[in-house]
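Treat the numbers as computed from the prediction; the structure is a model and nothing was measured.
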Amino acid sequence: MGAAMRRIHVGNALSAFGLGFTVPYLYVYVAQVRGLGAMTAGLVLAVFAVAALIVLPFAGRAIVRRGPLPVLLAALVLAALGALSLGLAGGAASVLLSAAALGAGQAVMQPALATMIVDCSSADTRSRAFAMQFFLQNLGLGVGGLIGGHLVDTTRVSSFTLLFAIEALMFLLLVGVMATVRMPHSPRMADAPARSAKGAWKQLLGNRAMVQLCVLGFVLFFACYGQFESGLSAYGVEAAGISTSALGTALAANTLMIVVAQFAVLKLVERRRRSRVIAAVGLIWAVAWLAAGYAGLGHGSQEMATAAFVSTYALFGLGEAMLSPTVAPLVADLAPEGLAGQYNSAFALVKQLALAVGPAVGGPLGASLHAPYIVTFLLFSLSITVLALRLGRRLTAVQDRPWTGRESRVVSRGQAAAEPVTAEA
């Protein structure tokens, strides 16, 4: 890794560490510690999603026109202000405004950092760079949540103020780190003809492979991430009788699987067709939902139900580790030159939409209609496999099998080096 890529990875780790401090405790803070009630707490979580959906379409264009680094720095400052004001806010209006600022800043960070990775990597190193990003994000979230859990005290508002202040400090520290990054020049919309600038979104929607990938991405995030802390946890408690401590163990198993398996999985998927890897994830997640079905609908012991439920989260983690070096590099490879920021923002928008819809659908279903919940998301997982195989038919050979492009470049360089010798002979 070059110096720029090392700083980008440090940035990913710090931002995840800061978010891990507060995200698990946001509901408790608003509803109980500030005494604003469950309704306001639910609105705060909704504001995060709405803010992201509003700013991401503009973020993509800003990244393309100005470059990812200035956009990232602005997002970090906004997120720091939002986090600090959230820790000090006492009324419903100030809490919601602070959450909007934090949510908007957090949402813009994702495509900006992803575009920086694209700009600082080559086709040969991109999969490993995104795998490292995902590894550090999960490690940062896990460590941040663990430390934050030991700092908070629901009887003291000051402990939560300290928590949000630390999160704001992480974002400002990240501003200092990222301000030292020297980005390589890459094409921007300002470098391209005006026709390309005006038709960026039209060009994206005209890319059938990208549209299919966005549909696939929505299903991926809806069927997995959108269920972690809503439908699946509600199902585990209501149907399987899972205790809160066992639920915490399941979430830890998910993170541990990602941290332990990420680079072992990377070696397995690097020379596999991307569409087939995503299709395999759908099958793995189908097995995960079957395990969840056994936990809640089977007639085994409570210990067996708990083990099956924990394995569900671990299997989800295995699938996530397979997706991290696959999906994000594919988004980058589908983007025309100079429009990586636009494509990353569009995919982040799809992700946020899935994360907003997923809990709204899965929460009530998982809490009350147990068998239909499992069947529904089992079918969603199998649809991932179908959609991935269909996407594979639209991808070029290099997009689906990126190592073929590396091999062809090696052959071309070898032939170019041999030609002068032949001419002299």
Side-chain angles (χ1 to χ4, degrees), residues 8 12 15-16 48-65 68 71-72 75 103-119 121 123 126-127 129-131 133-134 137 186 189 200-226 274-275 277-278 281-282 319-320 322-358 383-384 387-388 390-392 394-396 399-400 402:
I8 292 168
N12 274 304
S15 63
F48 269 91
V50 171
L53 294 175
I54 291 173
V55 300
L56 280 171
F58 301 100
R61 186 171 178 82
I63 292 170
V64 171
R65 291 189 66 86
V71 175
L72 175 63
Q106 176 189 342
V108 175
M109 287 181 214
Q110 299 176 28
L113 283 167
T115 305
M116 291 177 73
I117 290 176
V118 172
D119 290 347
S121 64
R126 196 160 292 149
S127 291
F130 277 106
Q133 178 199 33
F134 190 67
Q137 281 179 342
S186 58
M189 191 176 282
W201 279 102
K202 183 178 180 181
Q203 185 176 356
L204 188 152
L205 294 174
N207 186 332
R208 296 294 296 277
M210 183 61 189
V211 171
Q212 285 192 13
L213 180 59
C214 286
V215 172
L216 174 58
F218 180 87
V219 178
L220 283 167
F221 294 117
F222 177 78
C224 176
Y225 299 93
R274 285 168 169 168
S275 59
V277 172
I278 301 171
V281 170
E320 291 172 75
M322 294 169 65
L323 290 175
S324 63
T326 306
V327 175
L330 180 55
V331 174
D333 288 350
L334 287 173
E337 190 175 38
L339 292 179
Q342 189 89 42
Y343 276 56
N344 282 323
S345 294
F347 198 74
L349 182 65
V350 169
K351 178 181 178 180
Q352 289 296 330
L353 186 61
L355 294 180
V357 175
S383 71
I384 290 171
L387 290 170
R390 289 186 61 189
L391 173 64
R394 283 206 171 269
L395 300 177
T396 65
Q399 289 168 348
D400 201 20

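- Expressed to the nearest 0.5 Å, how far CE of Met109 lies from CE of Met116 amounts to 12.5 Å.
- When all heavy atoms are compared, the tightest approach of Ala131 to Ser324 is CA-OG, 4.0 Å.
- The structure places OG1 of Thr115 at 4.5 Å from CD1 of Ile63, a figure rounded to the nearest 0.5 Å.
- Side-chain atoms of Asp400 come within 3.5 Å of backbone N or O of Ser275 as a donor-acceptor pair.
- Here the closest heavy-atom approach between residue Ala114 and residue Phe130 is recorded as O-CZ, 3.8 Å.
- Residues Gly103 and Phe48 approach most closely at CA-CD2, 3.5 Å, considering heavy atoms.
- Summarising the geometry of Ala16 relative to Gln137, their closest heavy-atom pair is CB-O, 3.2 Å, with the distance given to 0.1 Å.
- Distance CD1/Ile278 to CG/Leu213: 6.5 Å, rounded to 0.5 Å.
- Note that NZ of Lys351 is 4.5 Å distant from CD of Gln110, once rounded to the nearest 0.5 Å.
- The closest side-chain heavy-atom distance from Val71 to Phe58 is not below 4.5 Å.
- For the pair Phe347 and Pro111, the minimum side-chain heavy-atom distance is 4.5 Å or more.
- The shortest heavy-atom contact between Met210 and Val331 is CE-CG1, 4.0 Å.
- Across all their heavy atoms, Val55 and Ala107 have their closest contact at CG2-CB, 4.3 Å.
- Here CG of Leu220 is found 11.5 Å from SG of Cys214. Values are rounded to the nearest 0.5 Å.
- Rounding to the nearest 0.5 Å gives a distance of 4.5 Å between CD of Gln133 and CG of Asn12.
- You'll find the side chain of Asn344 reaches within 4.5 Å of the side chain of Val118, heavy atoms only.
- At least one side-chain heavy atom of Leu330 sits less than 4.5 Å from a side-chain heavy atom of Leu334.
- Within the 3.5 Å criterion, the main-chain N or O of Arg274 finds no donor-acceptor partner in the side chain of Thr326.
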